[in-house]
Every structure is written in C-alpha cells, then in structure tokens.
Amino acid sequence: MHHMEDGTKQRTLSIVKPDGVGKGVIGEVVRRFEKEGIRIVAMRMLRLSRKQAEGFYAVHRERPFFASLTDFMSSGPIVAMVLEGDDVIARNRKIMGATDPAKADKGTIRADFAGSIEQNIVHGSDAPDTAVTEIRYFFSELDIVS
Ligand code: GDP
C-alpha cells in the first residue's frame, strides 16, 4: 500500500443536518466528498437531544438564532462523519459553500440544496482545534478507522 508522506493530512467533522437527511441527500453529500478523494473514516446516524445540540453549538449560545438553531438540529436524524485528507478542513468548507446559500458559490452543496441560512444541509469544522473538539463530541478514537 502506498504511503503518503504528507504533513498536511487532517481530519474534520462533517454533519448532514436534519434537512439534508429529510431531503434525501446523504448519498449526494458523500458522493461529493468521495469524488474529491476525501476519505470517510467514521460515520454514524443519530438524533441529537435539545441539550446535545446546545452542547455542540455552545460557542453560538449568545447568538439570537441559538434557540432556533438547536431546535432545528434536534428536529430529526443527522449523519455525522469524520473526513480525512490533505487540507480537508478547508476543502470541505469549499465543497459546502458559504453559510448563507444565497451567497454560496454555484455547485456547492449549500447552493444546490440549502433552503435557508439556518437549514443549510451540512456542518463542517472551521479550524484544526474545533475539528478535534467536534470529532470527540461524536466519536471515540476506536470508532475511527485508519
Ligand atoms: P458555518 O460554519 O458555515 O456552519 O456557520 P456558523 O458557524 O457561523 O453558524 C453555525 C450554524 O448556525 C450555521 O450553519 C447555520 O445553520 C446557523 N446560522 C448561522 N448564521 C445564522 C443566522 O444568521 N440565522 C440563523 N437562523 N441561523 C444561522
């Protein structure tokens, strides 16, 4: 097996949010990652309680949309994934598109499928430190294949 000597290999947390699961685009989201050579090294479906959604989005607790966001995130099943690859944090963010689908680049997941700035199909960690924290929120090291 080929071993890549690569200092920039990263992991990030991706979530297909309840709207994405409801719209039936889990497979399409996964396809877009795999098409770009991003590897999925852990995956699970679950439904967050309100408390768990509040914990996940704790950094946003002072925002006016916090109640609405955590209500939405606990409204149905989600699919959480660990993505692995070279520079995968930034690459995932690019594939996702801007938070507001009206501002997202053409061909991004959010431009193609999101209904609003809140119900925007996917989550992706925004930096290496948040990626570590967010992966730990859903996965044990034993859940991640290598
Ligand atoms: P992200 O990193 O692109 O997901 O964006 P943020 O970290 O800024 O926000 C987290 C999530 O909160 C977003 O993905 C949206 O679901 C939601 N959100 C962000 N901004 C707004 C807003 O202005 N209004 C509402 N209702 N939800 C928002």
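Along the sequence shown, residues carry numbers from 1. Start at 1 and go down the list; that is how both ligands and their atoms are numbered.
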Could you walk me through whether Arg63 and Glu118 satisfy the salt bridge (charged side-chain N to carboxylate O under 4.0 Å, His left out) test, starting with their C-alpha distance in whole Å, then the side-chain angles of each, then the deciding distance to 0.1 Å, before giving a yes or no?
CA-CA 13 Å; Arg63 303 282 200 93; Glu118 180 173 281; over 6 Å; no

Atoms in ligand 1 flagged as close to Asn120, the criterion being non-hydrogen separation under 4.0 Å
13 (C), 14 (O), 15 (C), 16 (O)

With sequence neighbours left out, what residues match Phe138 under ring-ring contact (aromatic ring centres under 6.0 Å, His included)?
Phe56

At a non-hydrogen distance cut-off of under 4.0 Å, which region of Leu69 contacts ligand 1 (side chain, backbone, both, or neither)?
side chain

Could you list the residues that satisfy salt bridge (charged side-chain N to carboxylate O under 4.0 Å, His left out) with Arg32, not counting sequence neighbours?
Glu28, Asp112

If the cut-off is 4.0 Å to any non-hydrogen atom of Arg110, which atoms of ligand 1 fall inside it?
1 (P), 3 (O), 4 (O), 14 (O)

Just checking Asp126: does its CG atom have more than 12 heavy atoms from other residues, nucleotides or ligands closer to it than 6.0 angstrom?
yes

Heavy-atom nearest neighbour in the protein, as seen from atom 5 (O) of ligand 1, with distance rounded to 0.1 Å
Thr99 OG1, 3.2 Å

Contact between Asp126 and ligand 1, counting heavy atoms under 4.0 Å?
no

Measure the distance from atom 19 (C) of ligand 1 to every protein heavy atom, then report the residue, atom name and distance (to 0.1 Å) of the closest one.
Phe65 CZ, 3.6 Å

Determine whether any heavy atom of His60 lies closer than 4.0 Å to an atom of ligand 1.
yes

For atom 15 (C) of ligand 1, what is the closest protein heavy atom, and at what distance to 0.1 Å?
Ile117 O, 3.2 Å

Nearest candidate to atom 16 (O) of ligand 1, where distance is taken over non-hydrogen atoms, out of Arg93, Glu118, Arg63, Met73:
Glu118

Tell me whether Glu54 is salt-bridged to Arg61, with the criterion being a basic N under 4.0 Å from an acidic carboxylate O.
no

Those atoms of ligand 1 less than 4.0 Å from some heavy atom in Lys17
13 (C), 14 (O), 15 (C), 16 (O)

Does Arg50 have more than 12 heavy atoms from other residues, nucleotides or ligands lying within 6.0 Å of its CZ?
yes

Leu13 and Phe139: CA distance, side-chain angles, deciding distance, side-chain contact (heavy atoms from CB on, under 4.5 Å) verdict
CA-CA 10 Å; Leu13 184 80; Phe139 298 98; 3.9 Å; yes

